[in-house]
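Note that these values count all heavy atoms, side chains included, but never hydrogens, waters or copies made by symmetry. Each chain gets a letter, A, B and so on, in the order its sequence line appears, and its residues count up from 1. Everything numeric here is computed off the predicted structure, so don't read it as measured data.
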Amino acid sequence: MELALNIDPEAWGPGPWTPVRTPCRFKNPLSKWRVWRNEAKCIQCGTCVEVCPYGVHTRAGKFIRKPLSYLCLGPACEKNDFYCVRRCPTQALSLRLHPVYTTLGDYRWTADLLLSTWWMAEFGTLPYADLEYRTGNSGGGFDKLRFFFPPQPKDLKLRHEDISLELPLNRRHDGRPQVVLSVPWYSAGMSFGSVSINTILSRVRAATRFNTLLSTGEGGYPEELYPYDDHVVTQVATGLFGVREDTIQRVRMVEFKYAQGAKPGLGGHLLGDKVTPAVARMRESVPGSALFSPFPFHSVYSVEDHKKHLDWIKEVNPRALVSVKVSTPTDVDMVAVGSYYAGAHVVQLDGSYGGTGAAPDIAKKNIAMPIEFAIPKVHQFLVQEGIRDQVTLIASGGIRTAYDVAKAIALGADGCQVGTAEMVALECIRCYQCESGRGCVRGIATTDPELVELMTVDWGTRRVCNLYHAWSWQLKEILRRFGMRSIRELVGRTDTLVHLDYYNLPVDDDIRRGT
Amino acid sequence: MPEKYHIHVRPTPSRYPSVGKTTVLDWGEGCLRCTRCVKETCPYNAFRQRDFDDRSLSDTIDTYCKNCLRCVQGCPRELVVKAANPQYRRLGDDYWTPAVIQSTWLQAETGKIPVSGAGYGGPFAGPGFDSIWTDMSEIVRPTRDGIHGREYISTAIDLGRKPLFLVFDAQGRLTFEPPPQVDIPLPVLLAEPPFSAGPELVREALAAAARSLKTLALVNRGNLTPELTAAAEHLAPSFPTGRVDPEDPLLSRVRVVELTDHDGVLAQVEALKRRYPGLVTMIKVPADERAAARLSELAHAGAEVIHLFADHHARGFLQAQDRHLKDLIRAAHLKLVEDHLRDTVTLLASGGIALAEHVAKAIICGADGVIVDLPLLLALECRLCRACQRGGECPVAMDSLDPRRGAQRQVNLMGAWNNQLLEVLGAMGLREVRRLRGEVGRAMFVEELQREIFAPLFSRPGPEGQRREGE
């Protein structure tokens, strides 16, 4: 049963989400294991179709379709009596590691993380197969932190319905409206130009349904976003591309981008190929000409200048909250305090391993510190200054999974901004080629008219909503194990975590197991 | 303001196809030969750019493929599969990794900074240089925009002894002749690689690259032929044996010489300086456990330039063999600072400088500049197979290298490195590389962050009943 998503954007609003199975756009979904049927041996008897309870084998009329390998349990299935390879009367079936699996992913987004995120985007649930869905293989930070669940939940009666993931953004009590998000994350800034309008619309529709926000990035405010104004954060960055009084007045929150984690201290760069006529119109520039955002804001060289900036926004839009996005230098704690005194409601720390459409490799790898260090550093400093409860601290830059969100919050953040995870839900495979030529050949980060057509807004909306659904469930399950009724209780609770460098007993925080 | 330094890069294609990361496997049997083959619709046209039939099923290892997996996911019979290329994995070693080698090839070919989309996919941190993150400026400190040419960031350093103060006589004249200085516009000296096929051609390329870059090429005196020494201004002869013939006519034509450290080295320096007062002498000291003390001793005795060298994996020697070059530089730098000698002497470091970021990080740790060798060999398409050392055949025929094209590729690599250095300096808001030296406060060391931030949070005994161990 498919939901009719092609409804009037005006009627699309916040509400509950029931996952809708939304398979891979391409003919062959990628998988860890490869079930292979030797057509020469197969007698079309249909035994495999009958025995497999996971739907790997299906029929089309009297023919048996290609196996759907990604649904397979892998060699773990051998012990089952429905193991198709053994049950096949003609030994036509074989099972082995898919060669592509060895080429997929990297240290941060391992093949398992990609495959499990695709799974969540397809089904809205955690994968039943043996895929690591919590951490990557980077050897530090989130990948070395584990939740230490009590052997038994403290409150056995606590149910998911009783647990709140709400995140209030305005903690200044300054008379400006409160904005409460229903989930403790919102969508990171990706400009129209760096990604396609279909990608933006998919993400904003998911953000709307889950009552959270989407940042426009520095690329203007496409008209297609107007129906979703209440769920849009408009970004003011150093190039001021597409920033108008009107765009600032539309929204409930405005984001000042001082720096970006992937290229701290460097300006943005949109290659000429991506500046299509539509992009150029939005940014008031010339089609085909590369666009550089300067660095830094040349009007800001002090906290006073910074305050002037925020006052300007507050004057233009009296109901808007103001967020300040900064990167993570040595003095990130001072920067955060300065932003608070300048009047920011939200301070967003963008760690050095964050995503980007294009950045020099040297900057991505070497400049500024990872978010895992920056969060506790800033959190503790704000506590010491006595202003922690007046700032909303948002972490971004390397938040890949629901576990990363929970760990960031336990380290001291109030919530997170996510970007790459949504791209992966839309079937990004992290080939690092977003910037080259016509852009992403999988139709996500591109403005090429032909490539954009590879993805529909409906499909994308469902994939991101499914991912959000799976994440919400995981966060609630983590909270339930700790007996917490609200995500707010988790903030700064580093005692819920152990770090594998300092803890050498086995610890398993897989919520698919146990109570 | 000095004249703006510009490195003239020019795309210089490789002579041999590069080793790709992955390879296309193909289950040939069962192919439908369908008219719209995924190979024909490759968004990068990889199959058409190859020298063979685009329906061919073999030998598709190169870098045209960008791993988008559209062919794998599009083939109607699931016959196209990608797998890791074992040849790629075998490139280099655990320090000179395939990724380092491939990035170097790309920079040598294009002269451009490697740029990519998506976030960094590598490890959280690593040993050695990978345990350092550099700082950036925001809001209250201005950054500099060097890369797009809107602000001038100087990457020049000077080699030579610096007096800590000047003395004037009653007439206001300097009472002593200041020691000679050699300015180079980028903090990198080029050195001949320890091995290669066609070494004469490689040296010719190196000397030409040094001229073009206005830096110095460090070459063993014994390897300097009359043709190479014809233009000696950008050559620095090295005397590894400890023996120097003071009558050597080359000495009057070069600006810098390198002597290997030994007991009599200071006497040797003194003799050379008496005869050639304008010559800057550099003493090459191994990065062993005594290096810091030895550097201080040499600086105290008037050494002008010291070259601290580690092995090719940036490891020290003898009892310092488990220490990384960055720590050995820091120790030496600190010792010189403590002894109030740091500003008198120029400190250059070498050994395992593989990427542009290593230049910035070695300087942050306390070096004035670095000396590179292997990356320049990689720029010539070397695969670090070391077949030449075993008397085998060079897979990229280095012995038929065109030295001019080789030199251009080395210039391209240094051009890309220099621009990356500008990125790092610009992000920090520094206007010259001299200011970066020893600026450990503008860097973050993973072990310090771990100690200051994570250790207080996680290395503590937990509440009763919970088993926490470690520390």
Side-chain angles (χ1 to χ4, degrees), chain A residues 26-28 66 99-100 102-103 106-108 138-141 258-259 262 264-266 292 295-296 300-303 306 326-327 329-330 335 338 353-358 360-369 373 376-377 420 429-435 441-442 494 499 502-505, chain B residues 22 25 30 43-44 66-70 72-76 78 81-84 103 113-125 133-140 142-143 145 148 356-357 420 423-424 426-428 441-442 444 449 453-455 457-459 466-471:
Chain A
F26 303 98
K27 195 166 276 154
N28 311 320
K66 276 182 326 188
V100 167
T102 60
T103 70
D106 49 49
Y107 287 96
R108 282 160 197 284
S138 74
Y258 280 95
L266 313 176
F292 293 93
F295 195 92
V300 178
Y301 287 112
S302 66
V303 172
H306 177 34
V326 295
S327 188
T330 46
V335 170
Y353 293 141
T356 174
D361 289 350
I362 190 169
K364 291 202 287 190
K365 177 180 173 190
N366 297 291
I367 306 180
M369 71 167 99
F373 290 129
K377 188 177 166 90
T420 305
I429 52 164
R430 284 175 67 79
C431 66
Y432 304 107
Q433 306 294 322
C434 333
E435 91 307 351
V441 299
R442 296 173 72 90
T494 48
H499 190 291
Y502 306 98
Y503 186 85
N504 44 27
L505 290 171
Chain B
T22 56
L25 295 178
Y44 294 106
K66 305 293 181 202
N67 282 315
C68 70
L69 302 187
R70 286 273 303 273
V72 174
Q73 294 198 259
C75 176
E78 284 189 79
V81 176
K82 295 224 64 166
S103 166
I113 297 183
V115 170
S116 60
Y120 178 61
F124 180 78
W133 292 288
T134 64
D135 199 16
M136 52 86 64
S137 296
E138 58 194 346
I139 301 184
V140 292
T143 53
D145 177 12
H148 300 302
E357 68 218 43
Q420 290 172 79
E423 297 271 28
V424 172
M428 277 195 236
R442 300 302 305 278
M444 293 161 266
L449 292 174
I453 298 175
F454 276 178
L457 293 176
F458 299 113
S459 82
Q466 287 188 14
R467 295 171 305 167
R468 280 175 199 263
E469 285 180 9
E471 295 280 341

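- Below 30°, between 30° and 60°, or above 60°: for A/Y353 and B/F124 the angle between ring planes is above 60°, a perpendicular geometry.
- Chain B forms the most heavy-atom pairs under 4.5 Å with one residue out of A/C434, A/G139, A/S327, and that residue is A/S327.
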Using side-chain contact (heavy atoms from CB on, under 4.5 Å), reason through B/L449 and B/W133 one step at a time and then give a plain yes or no. CA-CA 11 Å; B/L449 292 174; B/W133 292 288; 3.8 Å; yes
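- Most heavy-atom pairs under 4.5 Å with chain A, from the set B/C68, B/A84, B/G441, B/A83: that is B/C68.
- In this structure, B/R442 contributes its side chain and B/M428 its backbone to a donor-acceptor pair below 3.5 Å.
- For A/T356, the parts lying under 4.5 angstrom from a heavy atom of chain B are both the backbone and the side chain.
- When each of A/D106, A/I362, A/V300, A/T103 is scored by its heavy-atom pairs under 4.5 Å with chain B, the top score falls to A/I362.
- If you tally non-hydrogen atom pairs under 4.5 Å between each of B/S103, B/A427, B/A125, B/A118 and chain A, the highest count goes to B/A118.
- Ranking A/A363, A/G141, A/A262 against chain B, the residue ahead of the rest is A/G141, based on heavy-atom pairs under 4.5 Å.
- The part of A/K66 that comes within reach of chain B is its side chain, from C-beta onward, which places non-hydrogen atoms under 4.5 angstrom from that chain.
- Side-chain N or O atoms of A/K364 include one that pairs as donor or acceptor with a backbone N or O of B/G117 at under 3.5 Å.
- Residues A/D361 and B/S116 bring a donor and an acceptor atom of their side chains to less than 3.5 Å of each other.
- Using a 4.5 Å cut-off between heavy atoms, A/I367 touches chain B through backbone and side chain atoms alike.
- Heavy-atom pairs under 4.5 Å with chain B were tallied for A/G338, A/P264, A/C431, A/A259; the largest tally goes to A/P264.
- Looking only at side-chain heavy atoms (C-beta outward), B/L457 and A/H499 stay at 4.5 Å or farther from each other.
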Show your reasoning for whether side-chain contact (heavy atoms from CB on, under 4.5 Å) applies to A/V441 and A/Q433. CA-CA 8 Å; A/V441 299; A/Q433 306 294 322; over 6 Å; no
